[in-house]
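Computed from heavy atoms alone, side chains included, the values below leave out hydrogens, waters and symmetry copies. A quick note: this is a predicted structure, and the numbers were derived from the prediction, not measured.
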Amino acid sequence: MNKYLLSTILAFAVSLPSCDYLDYSESSGYGKEDMFVYFDRAKGMLTTAYSYLPVDFGSFDGATRAAATDEAEYAWSTSNIIRYNNGSWSPILTIDDVWGNYYAAIRTTNMFLENHQKDFENIEWNDDYALLMKQYQYYPYEARFLRAFYYFELAKRYKNVPLITDCLELEDANKVAPADFEKVIGFIVSECNEIADKLPVSYKDMPGAETGRITQGAVMALKSRVLLYAASPLYAGAISQEKWVEAAKAAKQLIDKSESEGWYQLVDESSWNNLSSKELILETRQGNSNNFEKLNFPIGYEGGKLGNLPFTKSGRCL
């Protein structure tokens, strides 16, 4: 899972869109009644929830997060990444604001969880029905993970956030008060505890071999990461030995399980960038492109875009 820089906790007025927007598919025009009676359309709804997973390469006007630290420097002074260094960001001039995006993702998962069916009578005589249902049995648990993940992304940025687990009308949604940080963390941890053993270790042997989906390891890793953040004085308000121990235990559970079952391991640096890497727990997949290289080529390099400039220890640009 990707590492992120913590942003200062911001206070925002609650303004959440209604789930009425998901009463139809924007791309197809299907009504809600049509969306969930067909397997492909229900799967498409879950795929939409997956589509909100973060992608970090060049996510700040082409800059990487390393450019917000002393690890790299971005060439364009007009980029939003520069606000990290010049102190110009504030609650009204934000960076990495994901409020609307992740609440849209949560709304999608809530809609799926409220309306998904247990089976599909209209295709029960299809030859591949049993295989499709073998896939489908995991979908509700995948949706619950995604919702928990997006709540973590919100809570780690804004701390106290509205905790909404069903679809609300617009008027009701705007009345929801932010939940206490501890309550949000408790919800995420509870979800992880409930769904971990409901998901497979791998999808390699599942119908379709859709290996980018949520696994037991991803759930355990999220729980570990969430408890680690919750133990930090930035959120806990003071050093809590008990919270650090809880976080360590969650991490140790994943480590022990991984070692005993052969789930994950560190690999040679030259072989990590492939989908079969043992280092991958949960990844966001994209098509082949050279965007990362273009954004990070040195100044003057043909095809480069004057992107992140790595510096030597002496301070000179490489």
Side-chain angles (χ1 to χ4, degrees), residues 1-4 19 22 36 42-56 98 101-118 133-157 161-167 179 183-204 206-230 246-247 250-251 253-254 257-258 261 263-264 275 279-285:
M1 301 180 73
N2 295 322
K3 296 182 179 178
Y4 302 94
C19 276
L22 286 181
F36 293 96
K43 182 177 182 178
M45 177 70 78
L46 182 62
T47 300
T48 298
Y50 268 95
S51 71
Y52 290 94
L53 286 172
V55 177
D56 272 346
V98 298
N101 203 40
Y102 285 154
Y103 269 112
I106 290 168
R107 182 185 65 197
T108 301
T109 59
N110 285 340
M111 174 63 78
F112 179 87
L113 290 168
E114 283 190 5
N115 295 279
H116 77 279
Q117 300 183 176
K118 293 183 178 181
M133 291 304 97
K134 192 172 182 179
Q135 290 182 13
Y136 188 73
Q137 65 178 313
Y138 300 119
Y139 287 3
Y141 305 112
E142 294 174 47
R144 289 172 67 178
F145 171 93
L146 292 169
R147 181 174 61 182
F149 179 87
Y150 296 132
Y151 268 121
F152 170 56
E153 291 296 312
L154 288 163
K156 78 178 185 181
R157 288 171 172 83
V161 298
L163 182 59
I164 301 172
T165 57
D166 51 17
C167 284
K183 183 177 180 179
V184 177
I185 294 300
F187 169 78
I188 298 171
V189 172
S190 176
E191 287 289 275
C192 290
N193 288 338
E194 290 184 18
I195 68 176
D197 62 357
K198 304 293 194 305
L199 289 162
V201 173
S202 171
Y203 289 83
K204 290 181 180 179
M206 295 293 171
E210 296 176 340
T211 55
R213 309 188 82 88
I214 308 303
T215 62
Q216 286 188 32
V219 176
M220 296 175 72
L222 175 62
K223 177 183 174 181
S224 172
R225 177 63 62 85
V226 168
L227 290 174
L228 182 65
Y229 273 67
E246 189 178 4
Q253 287 177 351
L254 177 56
K257 192 73 172 178
S258 182
E261 303 293 337
W263 289 2
Y264 312 111
L275 295 179
E279 282 193 348
L280 287 179
I281 297 178
L282 176 63
E283 73 281 356
T284 301
R285 300 182 179 184

Exercise. Verify, without hydrogens or angle tests, whether Tyr150 (side chain) and Leu53 (backbone) share a donor-acceptor contact under 3.5 angstrom.
Key: yes
Quiz item: Taking only residues two or more places apart in sequence or in another chain, which ones pass side chain to side chain contact (heavy atoms under 4.5 Å, CB included) with Asn193?
Solution: Val189, Lys223
Quiz item: Quick check: does any side chain N or O of Ser51 sit under 3.5 Å from a backbone N or O of Thr48, one acting as donor and the other as acceptor?
Solution: yes
Quiz item: Can you list the residues that meet the side chain to side chain donor-acceptor pair (under 3.5 Å) rule with Tyr264, with sequence neighbours excluded?
Solution: none
Quiz item: For Tyr52 and Ala104, which heavy atoms make the closest approach, and how far apart are they?
Solution: OH-CB, 3.7 Å
Self-check item: Whether Tyr103 side chain and Leu154 backbone form a donor-acceptor pair below 3.5 Å
Solution: no
Quiz item: Okay, side chain of Glu142, backbone of Arg213: is any donor-acceptor separation there less than 3.5 Å?
Solution: no
Quiz item: Hey, what do you get for OG1 (Thr215) to CD1 (Ile281), rounding to the nearest 0.5 Å?
Solution: 8.0 Å
Quiz prompt | Any side-chain heavy-atom pair of Tyr141 and Ile214 under 4.5 Å | solution = no
Quiz item: Heavy atoms, side chains only, cut-off 4.5 Å: are Glu261 and Gln216 in contact?
Solution: no
Practice problem: Drop me the distance from Lys156's NZ to Leu228's CG, to the nearest 0.5 angstrom. | Solution: 11.0 Å
Exercise. Measure the NZ-CZ distance between Lys198 and Phe145 for me, rounded to the nearest 0.5 Å.
Key: 16.0 Å
Quiz item: Which pair of non-hydrogen atoms, one from Ser224 and one from Ala247, has the smallest distance, and what is that distance?
Solution: OG-O, 4.3 Å
Quiz item: Taking the side chain as C-beta and beyond, is there a heavy-atom pair between Tyr151 and Tyr102 under 4.5 Å?
Solution: no
Self-check item: pair Tyr138-Glu210: side-chain heavy atoms closer than 4.5 Å
Solution: no
Quiz item: Donor-acceptor pair, Thr47 side chain versus Lys43 backbone, under 3.5 Å?
Solution: yes
Quiz item: Hey, does the side chain of Asn110 reach the backbone of Ile164 with a donor-acceptor pair shorter than 3.5 angstrom?
Solution: yes
Exercise. Apply side chain to side chain donor-acceptor pair (under 3.5 Å) to Glu191 and list each qualifying residue two or more places apart in sequence or on a separate chain.
Key: Arg144, Arg147
Quiz item: If every non-hydrogen atom of Arg157 is compared with every non-hydrogen atom of Val98, which pair is closest and at what distance?
Solution: CD-CG2, 3.4 Å
Quiz item: Roughly how far, to the nearest 0.5 Å, is CG of Asp166 from CZ of Arg107?
Solution: 14.0 Å
Self-check item: Interatomic spacing from CZ in Phe112 to SG in Cys167 - rounded to 0.5 Å
Solution: 12.5 Å
Quiz prompt | side chain to side chain donor-acceptor pair (under 3.5 Å) partners of Thr211, counting only residues at least two apart | solution = Arg285
Practice problem: Please name all residues satisfying side chain to side chain contact (heavy atoms under 4.5 Å, CB included) with Glu246, sequence neighbours left out, ordered by chain then number. | Solution: Leu227
Quiz item: Which atom pair, heavy atoms only, marks the closest approach of Ala49 to Leu146?
Solution: CB-CD1, 3.9 Å
Practice problem: Using side chain to side chain donor-acceptor pair (under 3.5 Å) as the criterion, list what pairs up with Tyr139, not counting sequence neighbours. | Solution: Gln135
Exercise. Over all heavy atoms of both residues, which pair between Phe36 and Ala42 is shortest? Give the atoms and the distance, please.
Key: CD2-CB, 4.4 Å
Exercise. Evaluate the side-chain hydrogen bond (donor to acceptor under 3.5 Å, both in side chains) criterion for residues Tyr136 and Gln117: first the C-alpha distance (whole Å), next the side-chain angles of each, then the deciding distance (0.1 Å), finally the verdict.
Key: CA-CA 10 Å; Tyr136 188 73; Gln117 300 183 176; over 6 Å; no
Quiz item: Which atom names give the shortest non-hydrogen contact between Met206 and Ser202, and what distance separates them?
Solution: CG-O, 4.0 Å
Quiz item: Say you draw a straight line from CE of Met111 to CG of Leu46; how long is it, rounded to the nearest 0.5 Å?
Solution: 14.0 Å
